Amino acid sequence: MLVLSPTSSSSSSLVFTCFFIILFVTINSSNPVTITTKAKRPPRQLSVNYYAKSCPQVEQLVGSITSQQFKETPVSAPATIRLFFHDCFVEGCDASILIATQPGSKILAEKDAADNRDLRTEGFDTITRAKALVESKCPGIVSCADILAIAARDLIHLAGGPYYVVKKGRWDGKISMASRVPNNLPHANSTVDQLIKLFSSKGLTIQDLVVLSGAHTIGFAHCKNFVDRLYNYKGTKQADPAIDPRLLKALKMSCPQVGGNDDIVAPFDVTTPFVFDHAYYANLQSKLGLLASDEGLFLDPRTKPLVQSFGLDKAKFFLAFSAAMEKMGSIGVKRGRRHGEKRKVCSIHM
């Protein structure tokens, strides 16, 4: 589900925590009038070749930035994937997550919502750099939303994941409000029932839920997102029994119940935290899921068979993940000036 990664200030703690844990534990009109026909024409669909004439080199331009970003800061991969997920689930895939709150405004933008404060700067930096390069070659043509979709795909592939074609043609949204975030994103302690309901509201299936959760094969989460599992699971004052004892011991050493370092993080995938593979699903079956929302996928009979299936077959997971990313990338797409815009600077609403 592409949630929960650390702030940029935690880079040193991130490496320490990651390796620390690995030592212990080896996500109709019939009327011919022209005006009437135009008004009722269905919106154009996204297309792989949307920029074939207007900016044919867009994927190469974005790719030059993502490859450099990944080489310099590998954490850009989970950061950008998470950014794309958080964008699509709130207002649709329209780059509204990138808009900054305007100075003096009483209305906070999405990126300043509590659920988005841990979004790493590397994700935003990737899109800012890619947008600047694309604008220098194709001014006013390519939306921030499309650049985000392309960059997420690139970084998934660079981290070892599948390469899939990205359909384009999104416009950037005009609305970005922090108040619309909380009810549209999953949380670390979300139940499977809550997750299924949320994903269904976006037009996504139970399989899509399990598949997209597989993006937690890379990335990290702050202690605050799982500390209750370690010390007071569901108010029991005990640890969650669905945690491997070795992992529990390692996590407790990194994340004390009180007085810990807020910047300390742990990897979602304790076996191959920097590689986009299918180990996430095997981990869940071994009680090595980091978040309650992760481990719950193996404990629920509706999702358990999918966890087992993807854990056995990486090729099957990659194929399903590619399809689910295309499906998610079509949520709430904006088209035309009535509903969208093409921002020249992704953080500034036109």
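These numbers were taken from a predicted model, which means no experiment stands behind them.
Shown are Lys342, Lys334, Arg343; of these, the salt bridge (Lys or Arg N to Asp or Glu O under 4.0 Å) with Asp94 is made only by Lys334. Applying the side-chain contact (heavy atoms from CB on, under 4.5 Å) test between Leu155 and each of Ile150, Thr80, Ile218 identifies Thr80 as the sole match.
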*Output, in order, the C-alpha distance, side-chain angles, deciding distance and verdict of side-chain contact (heavy atoms from CB on, under 4.5 Å) for Lys168 and Val166.*
CA-CA 6 Å; Lys168 298 166 282 288; Val166 174; 4.2 Å; yes
_One pair to check against salt bridge (charged side-chain N to carboxylate O under 4.0 Å, His left out): Arg180 and Glu91. What are the steps and the verdict?_
CA-CA 8 Å; Arg180 300 191 180 185; Glu91 302 295 345; 2.8 Å; yes
*List the steps, then state whether salt bridge (charged side-chain N to carboxylate O under 4.0 Å, His left out) holds for Asp244 with Lys287.*
CA-CA 5 Å; Asp244 180 275; Lys287 294 188 173 182; over 6 Å; no
_Pair Tyr51, Asp146 - check side chain to side chain donor-acceptor pair (under 3.5 Å), show working._
CA-CA 10 Å; Tyr51 297 111; Asp146 277 342; 2.6 Å; yes
*For side-chain contact (heavy atoms from CB on, under 4.5 Å), just list the numbers for Asp269 and Asp277, CA-CA rounded to whole Å, side-chain angles, deciding distance to a tenth of an Å, and then say yes or no.*
CA-CA 10 Å; Asp269 177 350; Asp277 55 20; 3.6 Å; yes
*Show your working on ring pair (Phe, Tyr, Trp, His ring centres under 6.0 Å) between Phe268 and Tyr280 and close with a plain yes or no.*
CA-CA 8 Å; Phe268 288 117; Tyr280 166 81; 8.1 Å; no
*Intermediate values then yes/no, ring pair (Phe, Tyr, Trp, His ring centres under 6.0 Å), Phe321 and Phe276*: CA-CA 11 Å; Phe321 187 82; Phe276 196 104; 5.1 Å; yes
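Judged by distance alone, the side chain of Ser254 and the main-chain N or O of Leu251 form no donor-acceptor pair under 3.5 Å. Formation of a donor-acceptor pair under 3.5 Å by the Ser176 side chain with backbone atoms of Glu110 is found in this model. Side-chain atoms of Asn232 come within 3.5 Å of backbone atoms of Lys237 as a donor-acceptor pair (strictly under, hydrogens ignored). Listed for the Thr66 side chain is a donor-acceptor partner under 3.5 Å among the backbone atoms of Gly63. Remark: side-chain polar atoms of Asp313 are paired, donor with acceptor, to backbone N or O of Lys316 under 3.5 angstrom. Remark: side-chain polar atoms of Arg229 are not paired, donor with acceptor, to backbone N or O of Leu248 under 3.5 angstrom. Ser47 places a side-chain N or O within 3.5 Å of a backbone atom of Asn49 that can act as its donor or acceptor partner. Thr101 places no side-chain N or O within donor-acceptor distance of the main-chain N or O of Leu108, the cut-off being under 3.5 Å. No side-chain donor-acceptor contact under 3.5 Å links Thr73 to the backbone of Val75.
Taking CE of Met325 as the reference point, atom CZ of Phe85 lies at 10.0 Å (rounded to 0.5 Å). The distance from atom CD of Glu295 to atom CG of Asp240, rounded to the nearest 0.5 Å, is 7.5 Å. To the nearest 0.5 angstrom, His86 atom NE2 is 5.5 Å from Leu119 atom CG. Between Ser190 atom OG and Ile196 atom CD1 the span is 12.0 Å, to the nearest 0.5 Å. Atom OG of Ser309 and atom CD of Gln207 lie 8.0 Å apart (nearest 0.5 Å). One distance of note links CZ of Arg82 with CZ of Arg120; it measures 10.5 Å at 0.5 Å rounding.
For the residue pair Tyr163 and Asp154, no side-chain donor N or O sits within less than 3.5 Å of a side-chain acceptor on the partner. A donor-acceptor pair shorter than 3.5 Å cannot be found between the side chains of Ser330 and Lys167. Thr126 and Gln69 form a side-chain donor-acceptor contact under 3.5 Å, judged by distance and modelled atom types alone. Asp208 and Thr205 form a side-chain donor-acceptor contact under 3.5 Å, judged by distance and modelled atom types alone.
Hydrophobic clustering keeps Met177 apart from Ile99 (ILVMFWY residues linked when any side-chain heavy atoms are closer than 4.5 Å, directly or through intermediates). Residues Met328 and Leu195 share a hydrophobic cluster, clusters being chains of Ile/Leu/Val/Met/Phe/Trp/Tyr side chains in contact below 4.5 Å. Residues Ile141 and Trp171 fall within the same hydrophobic cluster, defined by Ile, Leu, Val, Met, Phe, Trp and Tyr side chains chained together at heavy-atom separations under 4.5 Å.
Heavy atoms from other residues, nucleotides or ligands lying under 6.0 Å from CG of Asp262 number 12 at most. Within 6.0 Å of atom CD1 in Ile107, 12 or fewer heavy atoms from other residues, nucleotides or ligands are found, so the atom counts as exposed in its surroundings. Within 6.0 Å of NZ on Lys137 lie no more than 12 heavy atoms contributed by other residues, nucleotides or ligands.
In this structure, the side chains of Lys202 and Asn184 come closer than 4.5 Å at one or more pairs of heavy atoms. Considering only heavy atoms from C-beta on, Asp118 comes within 4.5 Å of His222 through its side chain. The shortest distance between side-chain heavy atoms of Ser293 and His187 does not fall below 4.5 Å. Looking at heavy atoms from C-beta onward, Leu204 lies out of side-chain contact with Leu198 at the 4.5 angstrom threshold. Between Ser347 and Thr128, every side-chain heavy-atom pair lies at or beyond the 4.5 Å cut-off. Residues Tyr281 and Val210 form a side-chain contact, since some pair of their non-hydrogen atoms from C-beta on lies under 4.5 Å apart. Between Leu297 and Leu209, the closest side-chain pair of non-hydrogen atoms falls below 4.5 Å. Using a 4.5 Å cut-off on side-chain heavy atoms (C-beta onward), Ser96 and Ile175 make no contact.
The six-membered or imidazole ring of Phe317 lies away from that of His278, with a centre-to-centre distance of 6.0 Å or more. The aromatic ring centroids of Phe310 and Phe318 lie 6.0 Å or more from each other.
Geometric assessment of Lys304 against the ring of Phe298 yields a positive cation-pi assignment under the 6.0 Å and 45° thresholds.
Taking the charged nitrogens against the carboxylate oxygens, Asp172 and Lys131 have no contact shorter than 4.0 Å, which rules out a salt bridge.
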